[in-house]
Amino acid sequence: MAEVIIVPDQATAGELVADAIQALVRHRPDAVLGVATGSTPLPVYRALGGRGLPLDRVRAFALDEYVGLPEGHPESYAAVVRREVTDPLGLDPARVRVPGDTGALRTAGEDYEAAIAAADGVDLQLLGIGTDGHIGFNEPGSSLASRTRIKTLTEQTRRDNARFFSSLADVPRHCITQGLGTILEARHLVLLAFGEGKAEAIAGAVEGPVTASLPGSAIQLHPHVTVVVDEAAASRLALAQYYRDVYAHKPEWQGL
Ligand code: GLP
């Protein structure tokens with residue numbers, strides 16, 4: 001089962017996950033990170049930024065990207081990754097890929113898969129979760145074996161993400177995302193969620209049946225998953241007390 005860590009606030013979550021990334025990079029200076037966008041992973045990037053880690057040999061792959069935004073649009077995930085991750089962390093942008101960044105959409109999925117494979121896979125994949133249970137942009141119904149491909153966003157996701165755009169009409173209808181099968185090949189998955197709005201999706205992902213109807217539940221198929229949630233996002237977890245006990249008695253040598 002996933003290790004579920006319930007933390008008091010987002011800053012604590014950020015420090016905890018930054019510890020895991022720091023340990024990874026110390027052990028493997030050319031580590032491959034899977035970076036996520038959205039507001040959820042921001043505390044991790046902030047915590048990492050304060051540590052001055054040597055990241056010059058690290059490579060990174062983003063999970064997903066909108067399709068159809070004008071080049072350089074500030075809400076494209078390429079721009080968000082640059083603003084929130086590469087610039088503040090001093091990561092060389094040439095070592096960071098975003099799906100679809102080669103321009104040729106028809107072959108972008110295969111290209112991205114090949115690039116991840118050439119990098120020998122992702123060591124640690126950060127994940128947020130949508131209120132409908134999506135990870136990356138794998139909307140409900142996505143095959144558990146899916147690979148990087150073009151998808152159509154649900155209305156719920158478009159509404160959720162409209163806050164980043166001037167109006168709902170400006171939110172793209174299409175995206176390109178790593179598939180669930182792609183994500184499951186990363187060696188360590190770290191899923192973060194904060195707030196009451198994510199409680200149902202988290203309960204489904206961690207404790208519900210494994211189903212394409214709730215793509216986040218695919219994490220149950222992975223042998224090394226860490227779920228870091230605040231009290232509100234943990235509020236619908238039936239086994240919350242057990243997770244607290246497990247974490248309180250976790251052997252120190254274990255790490256995340
Ligand atoms: C977006 C992204 C996901 C992200 C999710 C949650 O649509 N494609 O990668 O995890 O929605 O976003 P947020 O963290 O802002 O709640």
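As the structure is a prediction and not an experimental result, all values here were calculated from the model. Every number for a ligand or one of its atoms is a count from 1 in the order of the listing.
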Atom 16 (O) of ligand 1: nearest protein contact (heavy atom, Å): K198 NZ, 2.6 Å
Heavy-atom gap G136 to ligand 1 smaller than 4.0 Å: yes
Test of ring centre spacing under 6.0 Å for F165 and H73: yes
Side-chain ion pair, R159 and D132, N-O less than 4.0 Å: no
Residue, atom name and distance, where the atom is the protein heavy atom closest to atom 4 (C) of ligand 1: T37 O, 4.2 Å
R163, portion touching ligand 1 at heavy-atom distance under 4.0 Å: side chain
Distance from atom 6 (C) of ligand 1 to nearest protein heavy atom, with residue and atom: I129 O, 3.5 Å
Atom 12 (O) of ligand 1: the protein heavy-atom neighbour that sits closest, reported with distance to 0.1 Å: G38 CA, 4.1 Å
Which segment of S39 sits under 4.0 Å of ligand 1 when only heavy atoms are counted: both
Short N-O contact, R147 and E185, less than 4.0 angstrom: yes
For atom 8 (N) of ligand 1, the protein heavy atom that lies nearest, with its residue and separation: D64 OD2, 2.8 Å
Pair R46 + E15: basic N to acidic O under 4.0 Å: no
Min N/O separation T157 to ligand 1 under 3.5 Å: no
Subset of ligand 1 atoms that lie under 4.0 Å from at least one heavy atom of F137: 1 (C), 7 (O), 8 (N)
Per-atom contacts, ligand 1 versus N161 - under 4.0 Å to a heavy atom: 1 (C), 7 (O)
Cluster link L124 to V122, ILVMFWY, side chain under 4.5 Å: no
Heavy atom of the protein closest to atom 2 (C) of ligand 1 (residue, atom name, distance): Y77 OH, 3.5 Å
Numbered atoms of ligand 1 (with element) below 4.0 Å of G128, judged on heavy atoms: 10 (O)
Atom pair OG (S146) and CG (L180), whose distance is rounded to the nearest 0.5 Å: 4.0 Å
Reported OH-to-CD1 distance for the pair Y247 and I6, which is rounded to 0.5 angstrom: 11.5 Å
Residues D87, R82: salt bridge by 4.0 Å N-O rule: no
Minimum-distance protein heavy atom relative to atom 14 (O) of ligand 1: T40 OG1, 2.5 Å
For ligand 1, the portion of T177 having any non-hydrogen atom under 4.0 Å away: neither
Residue R244 excluded, over 12 heavy atoms near CZ under 6.0 Å: yes
Cationic N near anionic O, under 4.0 Å, E207 to R236: no
Closest protein heavy atom to atom 5 (C) of ligand 1, given as residue, atom name and distance to 0.1 Å: H134 NE2, 3.7 Å
Within the 6.0 Å centroid threshold, strictly below: F164 and Y66: no
Heteroatom proximity flag, L127 to ligand 1, N/O under 3.5 Å: no
